[in-house]
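Worksheet for the structure shown next.
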Amino acid sequence: MQQQLNLLNRISDELNKDLDPDRMLRRVLDLMVSHLNASTGSVMLFDPQNRVAAFILQREDISDDRANRIVGTVLTEGFAGWVLKHGEGGVIEDTHQDNRWIVYDDQPYDVRSAIATPLRRRQRVIGVLTLVHDEPHKFTQNDLPLLNAIAGQAAIALENARLFKETEQERIKLSAIINSTQDAVLVTSPNGTVLLLNPAAQELLRLKGRAWEGSQLSDLTNNARLVKLMLPEAPTTGEIPLPDHRTMWASITEISGLGRVAVLRDISPYKMLDQMKRDFVTAFTHDLRTPLATAKGYIELVRMDGPVTERQEEDLVGITRAANMMKSLIEDLLELSRLEQLEELTREKVELDKAVETSINTVKPLADSKKVDLIVDDVDKKFIVEGNSVLLSRAMGNLLDNAIKYTPKGGKIHIKVEAQNGHAMVSVADNGPGILARDLPRVFEKFYRARPELDDIPGTGLGLAIVKIITEQHGGQVWVESEPDVGSVFTMSLPIFEDQGDKPD
Ligand code: ADP
């Protein structure tokens, strides 16, 4: 008994030593042959279609041709076929007395007794393990439990080897893809240790040939933008300028238990095109300013030269409206292009309630003239955000301006500032015409004007695009909730820098 346990232990050790199925099975065969005093042995493995996938003989290497011939007969008429069919082990005490043993022509050794057992994965027989002896009556039914136990272990080890091979193949495939991609791939752990840099990423960080494994990213590069983006909780996308004037676009995925995986793509050609487009718009709009001012001057001259008839005055008002509209368009375009080119905001502490107050004061005359009520609901807290007060007032002013513009006479506009999850929520709610669901996702796009029936309300379609870019430059977000014929609520959320509690009187 002790001897059998020792053998099982040794076989288990052997099986765990090697993950190559072929070598593993050969070692098991050797050990079993010697411990069960057999002359030799073999293992046959089947694929999922029950075709023979491998045939290993302990004593000799066998040609495919001969293996196929032997296997074909033993599986249809022979002992291995019997084991496969019955799904259990068996003993042949004397091959001369048992027709399950088939003697083939060129058998190099005599076989007089045999023992065999199935190898199982779950319920399926995946192979047959056979030991033989050149003398009869060398094996008994009592040997079967030990052989079954060994076969059980071998089957588990084979399954492990198969899984390992599959995982390894997947790993090799993935690593080939990662290594050959033009995009730089970078993986860091939550504490900033570099776990993976593909060749493109090594080139990008100028690390070719340098050891980087296990280093801190901040020790490998002084690109602060990249190091910051790889920190846990940082945004998952962003532009990364390189010292050679290229710009990369980083797209990052946070994988729990691993860290951050960044894919960096060179977007320099797109940036260049974008810059050319912006330069063109800026130059073009700039050049329109002078002729427009001249045209407006002539309108005044016509009036001064007067008298003009009532009809002519109506025409002049129309021309003036169109010229003013064009002026707003030029100004909005120039503003947008200036904001888009702004690399980094110059930041100062901004008292949000003051910025709200400034924007309300700016639009108050318009609200009064339209008899629209501006109601300040809740701006009793003093939130400090970091950014540019002029731009923030401009963004809020645009939201208020729209609310007044689109809300009919006698309407009410509520302005609120409150805190939520470390963000100041500035909301402007009106009881105007609202926005249709189909237009909601698009109103922040450049030049998008919803509801053609409201077209006689002057506008450029750029106001909300300006609000969006200003909010994002302040690390915030802006969105709208609206119901047609009930009203709209525009909300800007801005990260609070300091919350100074209730405003002192
Ligand atoms: P515009 O110069 O046309 O006002 P904006 O970018 O400011 O351009 O707004 C885009 C569109 O969103 C507007 O044309 C309008 O259809 C819709 N919109 C904006 N604010 C409101 C509002 N408060 N109520 C209803 N519709 C609005």
Side-chain angles (χ1 to χ4, degrees), residues 281 285 288 292 320-340 356 359-360 362-377 390-417 425-474 476-493:
V281 171
T285 40
L288 279 178
L292 191 62
T320 311
R321 200 183 310 125
N324 283 341
M325 176 67 211
M326 210 158 155
K327 189 165 167 265
S328 318
L329 188 61
I330 289 171
E331 272 160 12
D332 280 356
L333 268 173
L334 284 173
E335 167 97 20
L336 202 61
S337 124
R338 198 173 58 81
L339 285 168
E340 281 174 341
V356 172
S359 51
I360 293 178
T362 318
V363 297
K364 188 100 181 51
L366 183 68
D368 289 346
S369 71
K370 234 190 127 178
K371 305 250 173 320
V372 169
D373 263 356
L374 286 180
I375 305 152
V376 180
D377 274 343
V390 178
L391 291 180
L392 284 174
S393 301
R394 167 82 204 251
M396 290 170 210
N398 279 8
L399 294 182
L400 289 170
D401 197 54
N402 276 350
I404 299 166
K405 220 164 58 170
Y406 294 106
T407 306
K409 205 168 168 180
K412 288 190 190 330
I413 294 165
H414 290 264
I415 301 138
K416 215 195 281 186
V417 183
M425 306 284 179
V426 184
S427 61
V428 176
D430 65 51
N431 58 353
I435 299 168
L436 299 179
R438 61 144 211 254
D439 293 319
L440 279 176
R442 303 201 56 192
V443 288
F444 291 96
E445 284 175 20
K446 286 182 214 168
F447 299 111
Y448 193 80
R449 303 206 69 206
R451 309 277 287 262
E453 68 268 26
L454 302 176
D455 255 6
D456 51 339
I457 298 176
T460 60
L462 292 173
L464 289 178
I466 291 176
V467 176
K468 184 164 187 271
I469 190 162
I470 293 178
T471 317
E472 285 173 353
Q473 272 167 344
H474 283 80
Q477 276 179 315
V478 59
W479 64 92
V480 56
E481 290 146 297
S482 184
E483 203 179 316
D485 301 324
V486 175
S488 312
V489 185
F490 282 85
T491 310
M492 271 170 89
S493 107

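In each ligand, atom 1 is the first atom listed, and ligand 1 is the first ligand listed.
Of the possible donor and acceptor atoms, one in the side chain of Asn431 sits under 3.5 Å from a partner among the backbone N and O of Lys412. When atom types are taken as modelled, the side chain of Ser427 and the backbone of Phe490 share no donor-acceptor pair closer than 3.5 angstrom.
The atoms of ligand 1 that sit less than 4.0 Å from any heavy atom of Gly461 are 1 (P), 2 (O), 3 (O), 6 (O), 8 (O). Residue-ligand proximity, Gly434 to ligand 1, at heavy-atom distances under 4.0 Å covers atoms 25 (C). Close contacts of ligand 1 with Tyr448, meaning ligand atoms under 4.0 Å from a residue heavy atom, involve 10 (C), 11 (C). Counting the atoms of ligand 1 from 1 in the order shown, those under 4.0 Å from a heavy atom of Leu464 are 5 (P), 6 (O), 7 (O), 9 (O), 10 (C), 12 (O), 19 (C). Here is the list of ligand 1 atoms found below 4.0 Å of a heavy atom in Lys405: 1 (P), 2 (O), 4 (O).
Among Ser488, Gly487, Ala450, the residue whose heavy atom lies nearest to atom 16 (O) of ligand 1 is Ala450. Within the set Asn402, Asn398, Leu462, the minimum heavy-atom distance to atom 20 (N) of ligand 1 is found for Asn402.
Residue contacts with ligand 1: Gly459 is placed with no nitrogen or oxygen under 3.5 Å of a nitrogen or oxygen of the ligand (distance criterion only).
Considering all non-hydrogen atoms of both residues, Val443 and Ala450 come closest at CG1-CB, 4.4 Å. Nearest heavy-atom pair across Val480 and Ser488 is CG2-CB, 4.4 Å.
Residue contact check for ligand 1: Phe490 places a non-hydrogen atom closer than 4.0 Å to it.
Looking at heavy atoms from C-beta onward, Met492 lies in side-chain contact with Leu392 at the 4.5 angstrom threshold.
Counting only residues at least two apart or in different chains, salt bridge (charged side-chain N to carboxylate O under 4.0 Å, His left out) contacts with residues 394-408 comprise Asp332-Arg394, Glu335-Arg394.
Counting heavy atoms closer than 4.0 Å to ligand 1, residue Val443 contributes atoms from both its backbone and its side chain.
Listed by chain and number, the residues in a salt bridge (Lys or Arg N to Asp or Glu O under 4.0 Å) with Lys364 are Asp368 (sequence neighbours excluded).
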